[in-house]
Amino acid sequence: MSYRATPSAGFHLPRLSQSSYDDRATFSAEVSKDIVPKIITANGIDAATLRKEVTPGGYLLKTNASLQTVSDLDEAAANRLAGSLGYVFRQYRALTARLNDTTGKTGFVVVRFPQGSLNATVAQRFFEAADATKKGLERRICRVR
């Protein structure tokens with residue numbers, strides 16, 4: 001699942017638009033540690049079975065801190081959890097993916113960078129290069145690792 005801790009709709013955080021990527025990533029890491037496990041548990045899932053991380057995510061050529069939650073849940077449980085995360089964090093969307101499903105109609109690619117080399121500046125350049133390659137491609141890339 002991919003989602004953000006910084007609201008996208010219906011909620012105003014003062015100075016959010018002026019905050020740095022590092023500030024958003026720090027906030028997202030705190031939320032991932034303090035709030036996300038409660039949402040997971042409220043869905044009847046053992047929070048210890050899920051892996052969480054903060055990665056650069058992009059949309060409309062803007063890099064933001066994106067939360068990733070990884071687990072082997074069935075589709076109904078994954079969609080329910082994604083919906084709960086999206087509701088609590090007031091997101092327009094929370095994305096779910098089955099990376100091992102070859103029968104789906106949506107393509108999904110994970111771009112990996114050498115350990116320690118990825119930061120918000122590198123991610124932003126990547127999203128800009130994707131957009132320069134094909135207009136709108138950056139909208140289809142939600143995260144880099």
Side-chain angles (χ1 to χ4, degrees), residues 1-13 16-17 19-120 122-131 133-145:
M1 284 160 262
S2 182
Y3 52 98
R4 292 185 322 183
T6 51
S8 60
F11 191 76
H12 177 70
L13 288 176
L16 177 63
S17 62
S19 64
S20 70
Y21 175 85
D22 290 338
D23 291 340
R24 291 174 191 223
T26 297
F27 176 75
S28 296
E30 290 170 5
V31 164
S32 181
K33 182 180 152 222
D34 298 336
I35 297 173
V36 171
K38 293 174 184 173
I39 298 168
I40 293 168
T41 301
N43 275 272
I45 302 165
D46 179 2
T49 65
L50 282 81
R51 190 175 79 243
K52 303 180 307 294
E53 66 179 325
V54 177
T55 64
Y59 184 68
L60 296 176
L61 292 178
K62 174 134 175 85
T63 299
N64 203 345
S66 179
L67 288 165
Q68 311 303 318
T69 299
V70 179
S71 182
D72 189 21
L73 299 173
D74 64 55
E75 187 171 350
N79 287 338
R80 191 170 43 254
L81 178 56
S84 298
L85 293 162
Y87 180 80
V88 170
F89 296 122
R90 305 231 177 167
Q91 297 295 289
Y92 283 122
R93 67 189 57 82
L95 306 174
T96 61
R98 264 185 279 158
L99 300 179
N100 61 352
D101 182 5
T102 59
T103 64
K105 295 179 181 174
T106 302
F108 191 92
V109 175
V110 176
V111 178
R112 296 186 192 279
F113 290 81
Q115 184 71 26
S117 69
L118 181 61
N119 59 36
V122 171
Q124 182 66 35
R125 279 193 226 129
F126 174 79
F127 293 126
E128 290 169 359
D131 184 65
T133 301
K134 180 173 178 165
K135 229 18 158 173
L137 183 58
E138 94 293 343
R139 291 183 201 163
R140 292 169 177 82
I141 300 170
C142 62
R143 69 174 173 149
V144 292
R145 298 177 75 194

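Side chains are part of it too, since the values below use all heavy atoms of this structure and drop only hydrogens, waters and symmetry mates. Keep in mind that what you see is a predicted model, and the values were worked out from it rather than measured.
Considering only residues two or more places apart in sequence or on other chains, T26 meets the side-chain hydrogen bond (donor to acceptor under 3.5 Å, both in side chains) condition with none of them. With sequence neighbours excluded, no residue satisfies side-chain hydrogen bond (donor to acceptor under 3.5 Å, both in side chains) with N119.
With values rounded to the nearest 0.5 angstrom, K33 atom NZ is found 8.0 Å from E30 atom CD. With rounding to the nearest 0.5 Å, the separation of OG1 in T41 from CG in D46 is 7.0 Å. Taking CG from L81 and CG from L73, the interatomic distance works out to 6.5 Å, rounded to the nearest 0.5 Å. If you take CD on Q68 and CE on M1, they are separated by 10.0 Å, rounding to the nearest 0.5 Å.
Without hydrogens or angle criteria, S28 side chain to R24 main chain gives a donor-acceptor distance under 3.5 Å.
What you find for A65 and V54 is that their closest heavy atoms are CB-CG1, 4.0 Å. Taking both residues in full, the closest heavy atoms of T55 and Y21 are given as C-OH, 3.6 Å, listed atom of the first, atom of the second, then distance. Between P56 and T63 the shortest heavy-atom distance is CB-CG2, 4.0 Å.
Listed by first and then second residue, the side chain to side chain donor-acceptor pair (under 3.5 Å) pairs involving residues 70-81 are E75-R98, N79-T96 (not counting sequence neighbours).
Results of the side chain to side chain contact (heavy atoms under 4.5 Å, CB included) test with L85 over N43, I40, V36 single out V36 as the only residue that passes.
Looking at L118 and F126, their side chains never come closer than 4.5 Å, going by heavy atoms from C-beta outward.
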